[in-house]
Amino acid sequence: MGFKPIVLGSVSAIALTIGTPVFAQAASTTPQDRVDTTPDGTPISTPGDMTAAPETPAGPAATPDAEGGGEDIVVRGVRGSIVGALNVRRNSIQIVDSVVSEDVGKLPDNNVVEALQRVTGVQVTDRAGGEAATITIRGLTDPLTTLNGRNIFTAAGTSFALQDISANLVKQIDVYKTRSADQLETGLAGQIDVQTRRPLDFKGLTVSGLVRGIYSELADKANPNAALLVSDRWTTGIGDIGVLVNGSYTRAEYRNQNLQAGAMVPFATANPPAGSGLTPLERIFPGATNQNWTPGLDAGLPTAPGSTLKINGVDTPYYLSRDAVIASDLYGKRERRAVNAALQWAPNERSVYTAEVFYTGFKGSTFNSLNFSFVDWWGNLPANPGSSFELYDGTNIIKSRRVGAVAGFNSGDTATSKTDSYVYAFNAKWDVAERGKISADIAYQDSKNETSFFAIRTDRAPLDIDVDFNAGGGLPSYKFGNQGVLTDATAWTIGNLFDSGTKNTGNALTFMLDGEYKWDEGLLRRIKAGFRYDDRNADTYVRDQGAGALGTTLAAFGEGRPFTNKDFFDGRADIPTSWVVADPRSMDRDAVRSLYRGNAPGLLLSNEMSFGRVFSINEKNLAAYALADGEVEIFGRPLQLQAGVRYVAINTDYDYFDRGANFTRTGVSSSSEKWLPSFTARFAVTNNVRIRFNYGETLRRPNFGDLNPNPVLTGDLSRIGFGSGTSGTAGLAPTHSQNIDVAVEWYFERNSAIYATAFRREIDGLVVPLTVRESIPNNYLPRNETYTESFNITRPVNASDGVLKGVEVGLTYFPSYLPGPLKGLGFTGSATILDSEQTIPLTNAAGAITGTTKSAFFGVSKLSYNTTLAYDNGPIGARLSYVWRKGFLQSNEARAFAGPIGFWRAPEKSLDFQLTLNVNKDIGVTFDAVNLTKAKQQNYYKFGDVGNPTQFNSSTLLIDRTFALGVRFKFD
């Protein structure tokens, strides 16, 4: 793969150029770098900087006024955070938006994901559990996550769960929309770099911390959040030495309440034609003898009145209705611990050495009380079947119906997850001669995640049900003929057992060496070169077993205590609010397994269980780069240029182990290499107006799990005649993107600016899912009524190309002329407009691609915006923020039903408020409120022109509203 010449060439380039640290190659840690400062005097990094133009201010709080003056001013508090972020953008070569901590421990959010939701071009989603969990940048879902410039990951994954990083540990977060040759090449979306504090950032002994209580309204629980930083530095005979320890602990008990109308399937009409063989309102199953319809069509079955299917050779009209209604009441608890410790030694002004360790630990448990009722039975009809349902006008879709004797089940599901991740790193930086710098960095990471799942179903006798699949606002309403059955433990019998777990491990050894040399005059101002070597390992293990129903009643079951929930869905829908389930939390699980051994003799107890390895991968990545900065004058104004190229070579060896064949091993090897050019131009039209142009190329490497061809199977839970499954593709190739950005920025007043960026991404080799019906005999699923050997298997393939383009605009404005109490009032906001299109392959039943169609990218909202009204005057700091994003295509559903396959998320919003009252310069009292309007998270089905939130509504999740009260302190 050419590793050796690349290494030798890189070393030679560094020896010739005597270079410096590159941002993503090694952490920006030292006072030698030109940095800005936060209000407390600690540095704000501006990595990847070109040589500063003469008018560029030295610090983020120092912005020339509208007349071009260079007077420095210092701002603090909420305003300082916003202005600091603005100046990071101004001083960086790339297009960068940032979140800057206003002071030690004062990043104004709970975790990194929440802090990013107000950044231009960033959208967050998946707000279950009282926190935002998923980030997209300009609609793309794969941002590269780095910590102090180092790529980090969780267990066997290729990215890091940023919500695991407490905001208390963070100094600054940079979101890179563009990248240069000296930055890591992966992540089409961009790069998110989280920077922590170092001891030499401080002047001496510093002790800071916070204690907060966060109240969850849905869970009715108060949760602690605490953090403490201790840092000191000393001047000794061998130079300056600094030590820092920064730790945090958070706990959250939460409640997720989700209400769902089931999937759409066809039914006979009230008067089916003779010869069809159907009875009134009989469900029409796919694949049954002479009952032919194809599940999973892109737009689903036609919804026009009188639409027909060919049944027994007869054109037979049909209705579309839901197969079930589902209520999920999940109780969760998570704990996060994080520690960042750093030791720095600066023997002189020209060198600094940094050793650090970063630990994040996550421990979570959930208990889900699930109530599932079928609504698809066609027996027990009234004398006039046509009186038992109502259609949406102008369609064949049933809006509401009365159904007799429907089956149903409950399920008590427990799950646990535990993750421990460590990063150990050593970095050295040297100034060489007057203009040279060298940086070396070595890091080792180790991460492990383990999960478990244990669930017991309970079944009931048939009940009558009245249901309206959308009684208003996308919410179904329903009631049973005998509601008392739902909470009567004697009316439920013990059903299937599900018992599984996973283990994922990962580690990496990474070495980076970088260097640069600068000139103050002439066309060439800087040359820079470096290389990076990364050796990554990951392994995935599973265990899975289960058993069929026992048949005894829940009341008579000898293990544990039944659990009955209450007040489900907060009174926002006309539905049952309580039901009883088996509760494995109160059970001796081995005793339960022993009881089920009567049905499944091979069931294992705890001391007999072990994980089986299903996937193992080793990936070696070698990258080398070179770039040059230059400057020329046009009309007397500086035009700054940067051009570079990055070479990447990847060798991958992986093994997968077939669970259905006693974990038989198969080995696969692959390799790839790519040259990735980049070019940036930044022109200062005036002292306060800048234009930027960037061209770059980036990659998205496959997730390790997407390479694993072992299928993960799910039985026929809905009793449609087949199960589902997912599988990786061993030959999956990297996705490649060519990126163009043009930005205009006007810094029109001290600490105020308006900016706009137009961008385009042309992406080749996008990964999209393909679904194929397959037979997998004698598979590993438990032998109960959900067992099947027929599956819809979905695999990722490089079968799509696409274009993403858009415009983002932003404004930060703190008027300097406001009088008295209004002084310190300001506004910041941004909007992003996106347009995306990708080719989606069409396939036949065998999975062969027969053509293509067009679709939007998954996760892309055409419009999103955020606004923040900030106030910072005297002891008071406040912020009122609103974020909104338009609905978007979240995913495509499994091709198993009769509705459109597109699964859309309705528009999302959140109104948040934060207040700080500074008692004195060392102590402040804080109050925070999140989701003041009690916004919900809703989904619906749509493909092309077919589908909408009214007739094709799916699920509604209540989003928690939280309130927090706390105290922050800092002594130095």
Side-chain angles (χ1 to χ4, degrees), residues 97 111-114 116-117 119-128 131-146 151-154 157-164 173 175-179 184-194 698-707 726 728 732 734-737 739 759-769 794 796-806 808 832 834-840 855-864 883 885-893 902-905 907-908 937 939:
D97 288 296
N111 63 48
V112 168
V113 176
E114 293 180 7
L116 289 170
Q117 64 183 327
V119 171
T120 305
V122 172
Q123 299 88 31
V124 303
T125 189
D126 297 334
R127 297 174 182 269
E131 67 176 10
T134 302
I135 294 177
T136 63
I137 301 177
R138 294 172 172 174
L140 296 174
T141 58
D142 67 329
L144 170 70
T145 52
T146 56
N151 188 20
I152 54 175
F153 54 83
T154 300
T158 54
S159 62
F160 188 81
L162 287 173
Q163 62 269 31
D164 285 350
I173 310 167
V175 180
Y176 284 81
K177 285 32 175 325
T178 64
R179 277 175 288 176
L184 296 181
E185 69 280 351
T186 57
L188 305 186
Q191 177 182 347
I192 298 173
D193 183 63
V194 180
T698 49
L699 299 175
R700 174 192 291 168
R701 291 204 290 276
N703 294 322
F704 289 161
D706 286 343
L707 297 172
T726 59
L732 212 58
T735 301
H736 176 248
S737 179
N739 315 314
F759 52 89
R760 181 181 178 90
R761 305 285 182 264
E762 296 186 0
I763 306 174
D764 300 323
L766 280 165
V767 175
V768 292
T794 300
V797 294
N798 295 106
S800 175
D801 300 324
V803 174
L804 174 70
K805 56 187 177 182
E808 56 188 26
T832 303
L834 296 170
D835 181 41
S836 66
E837 184 179 79
Q838 64 176 329
T839 56
I840 298 293
S855 170
F857 280 30
F858 297 128
V860 173
S861 294
K862 289 189 174 182
L863 174 65
S864 63
V883 297
R885 65 179 300 188
K886 192 174 182 179
F888 58 93
L889 175 61
Q890 181 181 352
S891 61
N892 282 340
E893 281 279 87
F903 196 58
W904 283 72
R905 179 70 57 81
E908 296 183 334
Q937 180 175 295
N939 295 289

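The structure presented is a predicted model; accordingly, all values stated were derived computationally and were not measured.
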Exercise for the section: Ignoring hydrogens and angles, state whether a donor on the side chain of Thr125 or Arg905 is under 3.5 Å from an acceptor on the partner side chain. Expected result: yes
Exercise for the section: Spell out, as yes or no, whether a donor-acceptor pair under 3.5 Å connects the side chain of Arg179 to the backbone of Thr186. Expected result: yes
Fill in the blank from the handout: Taken to the nearest 0.5 Å, the spacing of Lys805 NZ from Phe759 CZ works out to 11.5 Å
Handout entry: Thr839-Asp801 side chain donor-acceptor pair, cut-off 3.5 Å
Key = no
Practice task
Could you tell me whether the side chains of Ser800 and Gln838 share a donor-acceptor contact shorter than 3.5 Å?
Solution key: yes
Exercise for the section: Supply the atom-to-atom distance Thr735 OG1 to Asp142 CG, rounded to the nearest 0.5 angstrom. Expected result: 8.5 Å
Practice task
Nearest 0.5 Å please: distance from the CG atom of Asp193 over to the OH atom of Tyr176.
Solution key: 6.5 Å
Problem - Which atom of Ala133 lies closest to which atom of Val113, heavy atoms considered - result: N-CG1, 4.1 Å
Exercise for the section: Work out which heavy atom in Gly728 is nearest to a heavy atom in Pro796; give both atom names and the distance. Expected result: CA-CD, 4.0 Å
Handout entry: Spacing of OG1 belonging to Thr146 relative to CG belonging to Leu184, to within rounding of 0.5 Å
Key = 7.0 Å
Exercise for the section: Look at the side chain of Ser836 and the backbone N and O of Phe857, then say whether any donor-acceptor pair between them is shorter than 3.5 Å. Expected result: yes
Problem - Where Val124 and Arg885 come nearest, the two heavy atoms and their spacing - result: O-NH1, 3.8 Å
Practice task
Say whether Thr698 and Asn739, considering side chains only, have a donor N or O and an acceptor N or O under 3.5 Å apart.
Solution key: yes
Fill in the blank from the handout: Rounded to the nearest 0.5 angstrom, the CD1-CG distance for Ile137 and Leu144 is 9.5 Å
Practice task
May I ask you to decide whether Glu185 forms a salt bridge with Arg701, counting only side-chain N to carboxylate O separations under 4.0 Å?
Solution key: yes
Exercise for the section: State, to 0.1 Å, how close Leu188 and Arg761 come at their nearest heavy-atom pair, and which atoms those are. Expected result: O-NE, 4.5 Å
Practice task
Could you go through the side-chain contact (heavy atoms from CB on, under 4.5 Å) check for Lys862 and Leu834 one step at a time?
Solution key: CA-CA 5 Å; Lys862 289 189 174 182; Leu834 296 170; 5.6 Å; no
Exercise for the section: Say whether, by atom type as modelled, one donor and one acceptor occur between the side chain of Lys177 and the main chain of Thr120 under 3.5 angstrom. Expected result: yes
Practice task
Using distance alone, with no hydrogens and no angle criterion, decide if Ser861 and Gln123 have a side-chain donor and acceptor under 3.5 Å apart.
Solution key: no
Exercise for the section: Find the distance between CG (Leu162) and CD1 (Ile173) and round it off to the nearest 0.5 Å. Expected result: 8.0 Å
Exercise for the section: Start with the C-alpha distance between Val194 and Phe160, add both sets of side-chain angles, then the distance that settles side-chain contact (heavy atoms from CB on, under 4.5 Å), and finish with yes or no. Expected result: CA-CA 11 Å; Val194 180; Phe160 188 81; over 6 Å; no
Exercise for the section: Please tell me if the side chains of Phe858 and Thr141 come closer than 4.5 Å, counting only heavy atoms from C-beta onward. Expected result: no
Exercise for the section: Output, in order, the C-alpha distance, side-chain angles, deciding distance and verdict of side-chain contact (heavy atoms from CB on, under 4.5 Å) for Leu732 and Asn798. Expected result: CA-CA 7 Å; Leu732 212 58; Asn798 295 106; 3.4 Å; yes
Handout entry: For Ser737 against Ile763, the heavy-atom pair lying closest together
Key = OG-CG1, 3.6 Å
Handout entry: Pairwise side-chain contact, Arg700 with Val767, heavy-atom cut-off 4.5 Å (strictly under)
Key = no
Completion exercise
Heavy-atom nearest pair, Pro143 first then Ile192, reads CB-CD1, 3.9 Å
